[in-house]
There are 2 protein chains.
Amino acid sequence: MTPCAHLIDDDDAIRDSLAWLLESCGVACRSYPSAEDFLAEWLPSCTGCILLDIRMGGMSGPELFDVLCERGCRMPVIFLTGHGDVPMAVAALKKGAFDFVEKPFNDNELVDRVVEALKLDANQRLAAADADSLSARLSSLTTREREVMELVLAGKLNKLIADELQISMRTVEVHRANLFDKMGVRTAVELAQLLAGKR
Amino acid sequence: MTPCAHLIDDDDAIRDSLAWLLESCGVACRSYPSAEDFLAEWLPSCTGCILLDIRMGGMSGPELFDVLCERGCRMPVIFLTGHGDVPMAVAALKKGAFDFVEKPFNDNELVDRVVEALKLDANQRLAAADADSLSARLSSLTTREREVMELVLAGKLNKLIADELQISMRTVEVHRANLFDKMGVRTAVELAQLLAGKR
DNA sequence: GCGAAAATTGTGGAAATCCGCAATGCGCCG
DNA sequence: CGGCGCATTGCGGATTTCCACAATTTTCGC
């Protein structure tokens, strides 16, 4: 799944002209004649953005959007519609849609939005990768190591930690060193920054 | 300026009925017949949320919204409109409007949204107060103290910091202690967490 | 039951931190 | 000029951290 715009619309002509427009601007595309077709191919690892028609035979655009959100799809979604109304647009945007565009649209503006969406997706993926590696490191920690980490992050001295966990200071030192190692960090300050906001 | 809903609409009847509805639900209100009237009274310290009509004589709702954004107003804005179109709604929400509701609206839903907006505003104010006190403490720091702080946050040992700043270790220790004191923290870890994300 | 991983503890020394006490030099403001 | 805030430094001791070397106990799955 290389990064590309996923075009979902039951009107062949629109899909084709949209694909032509985007590809002429250097944006790779994949077309799907229905929401179901897209869902069948979709994987969490899919990259890019989605251009989604509102009204389609079978599952509607908003319905597909809801399903994708539930399944953890983080691709930016640009709704395209010829018959959208205000409540629909408001609902879509509040649920996190990237944009909501009425047909007929301005070609240049749409291409710009698609490019922005692709950029956003790329950034989100980088952030997600970081988050994944972080939680991977976190889950490699032992229960004890995690407990020690909590207290370290609370700014407590090893002596106090030993006291609270009812273990010797030496043990705390060992756990501390091990968890620093696993988390890829050299000081408590780095650890605090690594987990800033998280946890 | 006690927390309240600020109603801005050039239609007296709508303002009055809206005020009646909200106050009957325990939400204090203030009414303004025009954007200009509101602007004349507005202060950055204003609390609450804004119910803003789109089409008004003089400055329009979106125009007022833009001005308020520029001036740093953080009150949630709920747009109310009888003649809104999709692009207008999309633009408003993308600029950060809290909601965009078409007239006629459902009374209960609107009240709910207003209550949510007021809650959001209260939370934002708490966060802003924290941020203010933080930046106040930060600006009470000496140049040297700030420099030392940066290096402490970089996880460096006093010895290294002394080296980089070309001063003695003892001096670093003094600055470190002073800045911890000013920032109201007891350990480097607490400092790192306090500034998590910031700076 | 056996073996690996995890948890635990000790000893001891080098290095770093934390702090009170004391003092000097500099620049600015009234 | 005198006081004040800031930066600077030294000394010395109590406390803590960091680690290498070494070892015992617990836990848990096959």
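Note that these values count all heavy atoms, side chains included, but never hydrogens, waters or copies made by symmetry. We name chains A, B, ... by the order of the sequence lines, and we start the count at 1 in each one.
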Anything under 3.5 Å between a donor and an acceptor, one on a side chain of residues 63-74 of chain B, the other on a protein residue two or more places apart or in another chain? List them.
residue, atom, partner, partner atom, Å
B/Glu63, OE1, B/Ser60, N, 3.0
B/Asp66, OD1, B/Lys95, NZ, 3.1
B/Asp66, OD2, B/Lys95, NZ, 3.4

Could you pull out all donor-acceptor pairs under 3.5 Å where a side-chain atom in residues 21-29 of chain A meets a protein atom, sequence neighbours excluded?
residue, atom, partner, partner atom, Å
A/Glu23, OE2, A/Cys29, N, 3.2
A/Ser24, OG, A/Trp20, O, 3.4
A/Ser24, OG, A/Leu21, O, 2.7

What are the atom names and distances for every N/O pair under 3.5 Å that joins the protein to nucleotides 13-16 of chain D?
residue, atom, partner, partner atom, Å
D/dT16, OP2, A/Lys159, NZ, 2.6

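Not one N or O on the side chain of A/Gln193 forms a donor-acceptor pair closer than 3.5 Å with the backbone of B/Ala192.
Here D/dG5 presents its P atom at 17 Å from CG of B/Leu141, a figure rounded to the nearest Å. Atom-to-atom, CD1 of B/Ile161 to C1' of D/dT8 comes out at 16 Å; the value is rounded to the nearest Å.
By the 30° and 60° cut-offs, the orientation of the rings of A/Phe79 relative to A/Phe100 is tilted.
Here salt bridge (Lys or Arg N to Asp or Glu O under 4.0 Å) pairs that include residues 50-60 of chain B, with residues two or more places apart or in two chains, are B/Asp53-B/Lys103.
Between A/Glu116 and A/Arg113 a salt bridge is recorded (basic side-chain N to carboxylate O distance below 4.0 Å). A/Lys159 has no carboxylate O lying under 4.0 Å from a charged side-chain N of A/Asp163, or vice versa, which leaves the two without a salt bridge.
The base of C/dG20 sits with one of its N or O atoms less than 3.5 Å from a complementary donor or acceptor on the side chain of B/Arg170.
DNA chain D is contacted by A/Glu173, A/Arg176 of residues 171-187 of chain A, taking any non-hydrogen atom closer than 4.0 Å.
With sequence neighbours left out, A/Ser135 forms a side chain to side chain donor-acceptor pair (under 3.5 Å) with no residue at all.
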